[in-house]
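Both backbone and side-chain heavy atoms feed into the values below; hydrogens, waters and symmetry mates do not. So you know, we letter chains A, B, ... as the sequences are listed, proteins then strands, and number each from 1.
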There are 2 protein chains.
Amino acid sequence: MVTVMGGSVLDKLLAISDLFQRDMARAFAGTPLTPARVAVLWTLQLHGCSTQQALAGALDVSARNISALVDALEANDYVHRTPHPSDRRAVIVKLTPMAEELMETMQREHAALGTTLLAAVASADIPAFERGIDAVIARLTELVAAEADEPEKKGTTP
Amino acid sequence: MVTVMGGSVLDKLLAISDLFQRDMARAFAGTPLTPARVAVLWTLQLHGCSTQQALAGALDVSARNISALVDALEANDYVHRTPHPSDRRAVIVKLTPMAEELMETMQREHAALGTTLLAAVASADIPAFERGIDAVIARLTELVAAEADEPEKKGTTP
DNA sequence: TATTGTTATACTCTATAACTATA
DNA sequence: TATAGTTATAGAGTATAACAATA
């Protein structure tokens with residue numbers, strides 16, 4: 001099942017999305033980690049540390065949601081909160097040493113997966129493949145931005 | 001934000017997934033439709049009609065979940081339930097005429113989007129791009145299947 | 001007054017387990 | 001006994017709105 005080979009390019013890209021999501025969900029089964037929580041950890045690794053406000057902005061979710069995600073991560077010792085040195089309203093969220101190690105491993109595996117996937121593409125095709133991906137992202141970004149501006153439109157749904 | 005240009009191929013594929021999800025979520029904002037409910041409608045359009053059991057199998061979710069999704073769709077007049085002609089335990093779920101029209105529109109837009117995205121790729125690159133996508137799907141499918149078999153492994157998470 | 005985070009509330013997606021009706 | 005669907009319960013992601021403390 002979930003064998004979507006033989007559809008349009010769009011179907012194939014959607015199939016790739018689906019495979020990523022399933023793989024992600026299964027990789028963290030049995031741990032307190034979930035895709036949303038991993039996204040928080042990922043952001044923290046990139047930024048070093050962060051206020052919750054900054055996390056909410058980076059992940060584009062509500063402050064309320066970040067509170068809950070950080071609560072869960074803190075309860076499982078992936079992050080800890082410390083007071084902000086100058087702004088007493090804010091807290092600084094930081095990876096624990098355990099989570100830092102985990103994220104380094106995750107980053108290595110992420111890089112390895114990227115290499116593996118690219119290696120599956122015929123070497124002669126790689127440049128054209130990369131250009132194609134870039135072109136699709138650029139076009140898709142345009143479309144999403146355009147639709148976000150238009151107030152109505154996208155009227156496919158009653 | 002969400003501007004991930006300039007990462008690895010893997011990052012780019014993940015960015016495409018993210019763009020799809022955001023676009024989808026926004027396209028149905030303000031309607032009772034959600035990605036999970038649309039997936040049910042999509043499956044029904046492909047199959048004509050279906051028992052809930054078959055829907056659960058096709059979407060790979062629990063029977064309980066399908067019950068809730070069909071409840072919501074039925075309450076909003078996207079589908080209706082009718083008794084199965086020969087098996088009195090089962091129900092047949094079918095699109096309403098309104099939903100059938102909606103899905104036809106959606107399918108047209110889906111096709112148009114596919115065309116638009118492919119048109120963004122340089123025509124000389126298209127064959128290599130398509131081969132690349134196929135190769136990535138094949139490899140990714142292998143990896144997911146392999147990991148699903150192994151009982152332990154994937155030990156990146158404590 | 002504006003901002004940071006939390007509490008309160010609500011919806012959705014999802015799963016497992018127990019139960020009913022039917023095969 | 002096995003299967004189709006529902007009820008019960010629970011955890012997770014998400015949002016808005018109201019509120020506290022602090023800028």
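- Partners of B/Arg139 under the salt bridge (charged side-chain N to carboxylate O under 4.0 Å, His left out) rule, at least two apart in sequence or in another chain, are B/Glu142.
- Following rounding to the nearest Å, A/Leu69 (CG) and D/dT14 (C1') show an atom-to-atom distance of 9 Å.
- We find that CD of B/Gln21 is positioned 19 Å from P of C/dT12, with the value rounded to whole Å.
- For the pair B/Ile92 CD1 and D/dA4 C1', the interatomic distance rounds to 11 Å; values are reported in whole Å.
- Sorted by first and then second residue, the salt bridge (charged side-chain N to carboxylate O under 4.0 Å, His left out) pairs with a member in residues 36-46 of chain A form an empty list; sequence neighbours excluded.
- Within the structure, ring-ring contact (aromatic ring centres under 6.0 Å, His included) pairs that include any residue of residues 125-148 of chain A do not occur (at least two apart or interchain).
- Scored by the salt bridge (charged side-chain N to carboxylate O under 4.0 Å, His left out) test, A/Glu100 finds no partners at all (sequence neighbours excluded).
- The nucleotide whose nearest atom lies closest to any side-chain atom of A/Arg81 is, among C/dT14, D/dG13, C/dT6, C/dT6.
- Remark: B/Arg131 engages A/Asp125 in a salt bridge (charged side-chain N to carboxylate O under 4.0 Å, His left out) (not counting sequence neighbours).
- Using a 4.0 Å cutoff on non-hydrogen atoms, the parts of residues 36-45 of chain B near DNA chain C are B/Ala36, B/Arg37, ordered by number.
- For residues 87-97 of chain A, the set of pairs meeting the side-chain hydrogen bond (donor to acceptor under 3.5 Å, both in side chains) definition, not counting sequence neighbours, comprises A/Asp87-A/Arg89.
- Look at CD1 on B/Ile66: it is 18 Å from P on D/dT3, rounded to the nearest Å.
- OP1 or OP2 of D/dA4 has at least one side-chain nitrogen or oxygen of B/Gln53 nearer than 4.0 Å.
- Heavy atoms from other residues, nucleotides or ligands lying under 6.0 Å from CD of B/Gln21 number more than 12.
- When the side-chain nitrogen and oxygen atoms of A/Ser67 are compared with OP1 and OP2 of C/dT6, one or more of them lie within a distance under 4.0 Å.
- The CZ atom of A/Phe28 sits 18 Å away from the C1' atom of D/dG11 (whole-angstrom rounding).
- Between A/Val93 and A/Cys49, the closest heavy-atom pair is O-CB, 3.2 Å.
- If you measure from atom CE of A/Met24 to atom P of D/dA12, you get 16 Å, rounded to the nearest angstrom.
- For the pair B/Asp71 CG and C/dT14 P, the interatomic distance rounds to 15 Å; values are reported in whole Å.
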For this session: List the protein contact pattern of nucleotides 16-23 of chain C with one symbol per nucleotide (5' to 3'): B for base contact, S for sugar-phosphate-only contact, - for none; contact means a heavy-atom distance under 4.0 Å.
Result: B----BBS
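- Between the CG atom of A/Asp60 and the P atom of D/dT14 there is a distance of 10 Å, given to the nearest Å.
- The ring-ring contact (aromatic ring centres under 6.0 Å, His included) analysis of residues 33-53 of chain A, with sequence neighbours excluded, yields the pairs A/Trp42-A/His110.
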